[in-house]
Amino acid sequence: MLELPQQLAIGSAHSKLILVGEHAVVYGEPAIALPFPSIHVKSIVQPNEGPVLLESSFYVGPLNSIPEKLKGIATCIKQTCKKLNREPNGFRMHIKSTIPIGRGLGSSAAIATAVVRSLYHFFNEPLSKDDLLELVHMAETYAHGSPSGIDMEAVTSDAPIWFEKDKRSKKVDIKQAFHIVVADTGRIGDTHAAVSSIKEKYKSITDQTKYSIKSLGHLTKEAKRALKDGDLDALGDILNRAQDELVHLGVSDAGIDYLVKVARQAGALGAKLTGGGRGGCIIALAKHAVHAKKLAERFLHAGADQTWHFQIGSDENQYTTTTVSGS
Ligand code: MEV
């Protein structure tokens, strides 16, 4: 006998930032991602007669009429119901997100994670990490084409992670807390297109592309060491060098380059794009909390759509993330 569903079920997930290694991670190089809990998604499921009704800021209506761009969410809901041996009807789902879409902040992985968690909760079923990752992967394949899997690992982790494709992610040692400022160009980037463009480059300009990908892998290893040693100057330099490689790979653009320049002129220890690029956000490593505040002001003055400032560190092996400003 199947149990009666809950009257109200909630699933949530937070955003993520890639510190270093994006794109190269698709080719088997390591990357480091940070949880970014300042912004998050909540999926709320309630019983409702008839076909599934979806309510969100990007679409309101029956699941079966969802626009093509959002088919990943529909697939995620249907596949989750299938896995649970339930029909995809008899409920409404309200998705509330403070993660702007298409900014390299993991919105698609966070939405899928929140959706799966809310449906398991609704149907009173325990959810294993493997089942969660399998279901989110399906939605991510819609969003990214051939995702490495880093986004879904990062949005389900409370700690910074060291990620390599097809391997279990590991926690990263952080000796000294650091301040990151995120600045949003306000423009939607297309991760799917950015990943495909590098794939094309890999076929035509092989040596140069391979070199940049390998370099990003080395930089990620150096970043791991810098975090372990608490060497923020070294970390900043690594972020700058990673940005150079991402420029070579063709995934930066004029708007990102401009904000990176603003960050460096304002004394950031390092700055680079984060996520897929070609629009989206940059991250800047600040010297300290007061400097982070100044950086955030400079970004807004330079035309950034929005900024977030947060601190990440570890306290007796407990990772701490504190939102200082932003949503
Ligand atoms: C997107 O957040 C990260 C990319 O490396 C794509 C992926 O790893 O799936 C650009």
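Whatever order the structure lists them in is the order used to number ligands and atoms, beginning at 1. FYI, side chains are in, hydrogens and waters are out, and symmetry mates aren't considered; it's all heavy atoms of this structure.
- Of all protein heavy atoms, the one lying nearest to atom 8 (O) of ligand 1 is Ser148 OG, 2.5 Å.
- Residue-ligand proximity, Pro147 to ligand 1, at heavy-atom distances under 4.0 Å covers atoms 9 (O).
- Ion pair Asp184/Arg103 flagged as a salt bridge, since at least one NZ, NE, NH1 or NH2 atom sits closer than 4.0 Å to an Asp/Glu carboxylate oxygen.
- Contact check on Arg225 versus Glu222 returns no salt bridge, with no Lys/Arg side-chain nitrogen under 4.0 Å from an Asp/Glu carboxylate oxygen.
- When each atom of ligand 1 is checked for a heavy atom of Val25 under 4.0 Å away, the hits are 5 (O), 8 (O).
- Nearest non-hydrogen protein atom to atom 4 (C) of ligand 1 is His23 N, 4.0 Å.
- Ligand 1 places these atoms under 4.0 Å from at least one heavy atom of Ile18: 2 (O), 3 (C).
- Within the structure, the closest approach of Glu140 to ligand 1 does not fall below 4.0 Å when heavy atoms are considered.
- Of the residues listed (Ile238, Asp257, Ile283), the one engaging Gln243 in a side-chain contact (heavy atoms from CB on, under 4.5 Å) is Asp257, and it is the only one.
- Taking every non-hydrogen atom of Glu22 and a distance limit under 4.0 Å, the qualifying atoms of ligand 1 come out as 5 (O).
- Within the listing of ligand 1, atoms 1 (C), 2 (O) sit less than 4.0 angstrom from a heavy atom of Asp151.
- Salt-bridge annotation for Asp229 and Lys175: absent, with no side-chain N of the basic residue lying under 4.0 Å from a carboxylate O of the acidic one.
- Ligand 1 places these atoms under 4.0 Å from at least one heavy atom of Lys16: 2 (O).
- The pair Glu297-Lys294 fails the salt-bridge criterion, with no side-chain N (NZ, NE, NH1 or NH2) lying under 4.0 Å from an Asp/Glu carboxylate O.
- Glu22 and Lys272 are joined by a salt bridge, as a carboxylate oxygen and a charged side-chain nitrogen come within less than 4.0 angstrom of each other.
- Less than 4.0 angstrom separates some heavy atom of Ile150 from each of these atoms of ligand 1: 8 (O).
- For the residue pair Glu164 / Trp162, a side-chain donor-acceptor distance below 3.5 Å is found, with atom types taken as modelled.
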